[in-house]
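Heavy atoms only: backbone and side chains are in, while hydrogens, waters and symmetry mates are out. Chain letters run A, B, ... following the sequence lines, proteins first, then strands; residues in each count from 1.
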Amino acid sequence: MIGAIRSEIRKVFTTRLWWGMGLGMAVLAALISMGFAALLGNAAMTGGDNNGQGNPFANMTVGTAQLIYNAGIIQQMTILFPLALGVLLITSEYRHKTISATFLSTPNRWVVLLSKMVAVAVTGALYAVVHAIASVAGGASIIKFVKNQPTMLGETEVWKSLGIGLIAFAIWMLFGFGVGMLIRNQIAAVLLAVGATFVVQIALNIIFSVKEWYSAMKWIPGNLTANMVITSDPTAGQTVDPATQSQYFAHWWQAGLVLAAYAAVLAVVGAWLTTRRDVA
Amino acid sequence: MSVAATTTGTSIEIDGLSKRFGDFLAVNNLTFRVQPGRVTGFLGPNGAGKTTTLRMLLGLVRPTGGTATIGGRAYQTIPEPIRTVGAALEATNFHPGRTGRDHLRVLAATAGIPDTRVDELLELVGIPAAARKRAGGYSMGMRQRLGLAVALLGDPHVLVLDEPANGLDPEGIRWLRGFMRHLAGQGKTILVSSHMLQEVEQTVDDVVIISNGRLIRSGTMAELHGPATSLVRTSDPGALAGALRVADVTSHSADDGGLIVETDDLRLIGDVALRAGLPLWQLQPQVSDLEDMFFALTEGQNRNLGATDAAAPHEMDAIAGRDGGNEK
């Protein structure tokens with residue numbers, strides 16, 4: 001098992017994919033956080049603060065800092081990188097037919113897949129650290145130098161949020177890994193994973209809010225992720241609209257467990273199929 | 001250390017092995033044994049079921065029936081299998097963005113094999129410098145060499161090589177022959193598949209020939225070459241045949257009026273002809289060419305060409321089903 005894990009980790013870091021995508025993600029994360037930080041105090045752009053919805057950018061709070069430093073994740077943009085990497089790490093084995101060599105050196109396919117999941121989690125955590133550094137660097141520089149507001153970087157809740165981001169990344173990569181095992185065609189798997197995250201989630205959010213199924217919205221993966229990383233109300237208690245409030249679980253770990261359960265179901269079904277299928 | 005390393009020679013046992021893909025019977029009740037310490041050629045036309053058989057042997061494809069074992073053990077049950085069995089399946093199985101050396105290092109990690117062994121093998125197969133470049137730019141010859149390095153990584157006693165000569169230029173094939181003889185000299189059990197007899201003819205001790213998923217013949221090269229015969233031309237083949245029969249030598253007439261005599265004792269034939277008063281127009285030994293036999297055995301039976309096979313009507317539906325894997 002140790003050998004298989006070492007092999008899988010070597011696999012990740014011996015092609016250019018990991019740093020190429022990591023670099024793209026870091027740049028995007030920094031830009032989105034800078035964009036969010038630029039909204040601070042901009043009431044005209046984000047709506048008033050007295051309609052019960054609450055304006056998270058009206059005042060700099062701990063929750064606002066969480067929002068800015070996780071902006072890429074909440075916007076469903078940077079979270080696509082660990083998702084896609086998870087898909088690519090397994091489907092490239094099928095695309096380049098290296099899966100034969102993998103199963104020859106470790107014939108127990110459950111051991112292979114568990115080792116891959118460990119490698120996926122390690123890489124996901126590394127991506128999360130890079131993401132946090134880029135986001136904080138981008139966001140905090142605008143907050144401090146342009147908006148002259150406190151960066152909130154001394155607050156425990158902000159660090160907790162960044163730490164939870166690490167878990168979220170690992171789960172999203174596992175998500176991608178599950179999709180990749182189910183759909184071994186690389187192009188199809190990437191398109192489906194990214195497409196579903198992007199298009200289907202937006203569609204579901206719109207449909208649920210039009211139908212006023214607010215409590216159903218909290219089960220959507222993207223909302224669960226936001227639910228995880230925003231542990232403090234950015235509007236400092238001004239959100240009193242029950243419809244908005246019912247979109248989230250009370251605790252981050254509840255959302256995290258639901259999200260992890262989704263990923264686990266995909267991964268287990270995919271793994272079961274992988275252990276049974278012929279490798280041609 | 002693995003099981004095989006402590007015993008001398010490991011055999012491969014294929015017993016009643018079958019594989020069905022949908023309604024296509026790729027391998028049909030195949031039974032043969034690869035003797036330890038010998039080089040066995042696994043021959044058959046493209047699409048005969050060679051690759052499927054090897055993949056079942058290596059636990060990549062699940063058999064529909066029967067067993068395939070190495071030294072009595074299923075591949076999946078061998079701990080750190082690359083230390084016991086080395087396999088080179090397809091020369092295209094490399095990530096184009098990973099260097100050949102890193103490809104080896106990735107696989108080496110599973111059995112705790114050090115990088116020094118990786119570099120040693122790259123020297124052995126003759127690509128130490130090229131292996132530090134990304135595999136995407138490799139020639140077919142370099143891929144085959146890298147594939148062999150993969151197979152030899154764990155210094156296994158058993159080697160399974162699927163069409164290692166595919167895509168090699170004549171120089172590469174010569175190198176491969178020499179390399180396989182070198183490995184055979186170390187007492188390794190080698191099973192090497194090919195759709196071309198002459199590629200392996202000079203290297204193998206034993207031959208297993210399959211066609212349409214079924215065993216056609218197996219045995220040593222000497223056995224498959226068959227009894228020696230001679231070709232004789234004379235004025236009256238019938239009279240010579242009669243005279244030879246008296247001398248306890250059987251013969252039969254060839255299509256073009258010659259006589260095929262079942263002995264390579266040319267002197268005996270000459271003496272018999274002289275006593276019978278028959279002139280000899282031609283007298284030459286005929287080595288039964290295994291190549292001819294290989295074609296004779298497999299000709300017209302290749303299901304992928306759509307040819308019918310009266311002996312196995314249940315396979316007929318499958319003709320359009322699935323192609324051999326070599327071209328993919």
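- The candidate with the highest count of non-hydrogen atom pairs below 4.5 Å against chain B, out of A:Glu8, A:Arg276, A:Arg6, is A:Arg276.
- From B:His103, atom NE2 reaches atom OG1 of A:Thr98 across 7.0 Å, with rounding to the nearest 0.5 Å.
- Within a 6.0 Å radius of CZ in A:Arg277, other residues, nucleotides and ligands contribute more than 12 heavy atoms.
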Verdict with reasoning, B:Arg62 to A:Asp278, per side chain to side chain contact (heavy atoms under 4.5 Å, CB included): CA-CA 6 Å; B:Arg62 186 184 294 251; A:Asp278 288 340; 3.6 Å; yes
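- Around CZ of A:Arg109, the count of heavy atoms belonging to other residues, nucleotides or ligands within 6.0 Å exceeds 12.
- The distance from atom CZ of B:Arg101 to atom OG1 of A:Thr14, rounded to the nearest 0.5 Å, is 11.5 Å.
- Of all the heavy atoms in B:Tyr75 and A:Phe103, the pair that sits closest is CE2-O, 4.5 Å.
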Show the numbers, then the answer: is there a side chain to side chain contact (heavy atoms under 4.5 Å, CB included) between B:Leu60 and A:Leu104? CA-CA 8 Å; B:Leu60 295 173; A:Leu104 285 179; 4.2 Å; yes
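- When B:Leu58, B:Val61, B:Ile82 are compared by the number of non-hydrogen pairs under 4.5 Å with chain A, B:Val61 comes out ahead.
- Atom CH2 of A:Trp19 sits in a sparse spot, with 12 or fewer heavy atoms from other residues, nucleotides or ligands closer than 6.0 Å.
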Test log, rule side chain to side chain contact (heavy atoms under 4.5 Å, CB included), inputs A:Lys11 and B:His95: CA-CA 10 Å; A:Lys11 239 176 245 178; B:His95 190 294; over 6 Å; no
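- The main-chain N or O of A:Val279 is found under 3.5 Å from a side-chain atom of B:Arg55 such that the two form a donor-acceptor pair.
- Per-residue counts of heavy-atom pairs under 4.5 Å with chain A were compared for B:Ala108, B:Pro81, B:Gly59, B:Ala87; the largest is that of B:Pro81.
- Rounded to the nearest 0.5 Å, atoms CZ (A:Arg10) and CG (B:Asp102) are 8.5 Å apart.
- Rounding to the nearest 0.5 Å places CG of B:Leu107 at 6.5 Å from OG1 of A:Thr102.
- Within the 4.5 angstrom heavy-atom criterion, no atom of B:Val150 approaches chain A.
- Looking at A:Arg95, neither its backbone nor its side chain comes within 4.5 Å of chain B, counting heavy atoms on both sides.
- Scanning residues 110-130 of chain B against chain A with a 4.5 Å heavy-atom cutoff picks out B:Thr110, B:Asp115, ordered by number.
- Side-chain polar atoms of A:Thr15 and B:Arg98 form no donor-acceptor pair below 3.5 angstrom.
- With hydrogens and angles left out, the side-chain atoms of A:Ser7 and B:Arg105 include no donor and acceptor closer than 3.5 Å.
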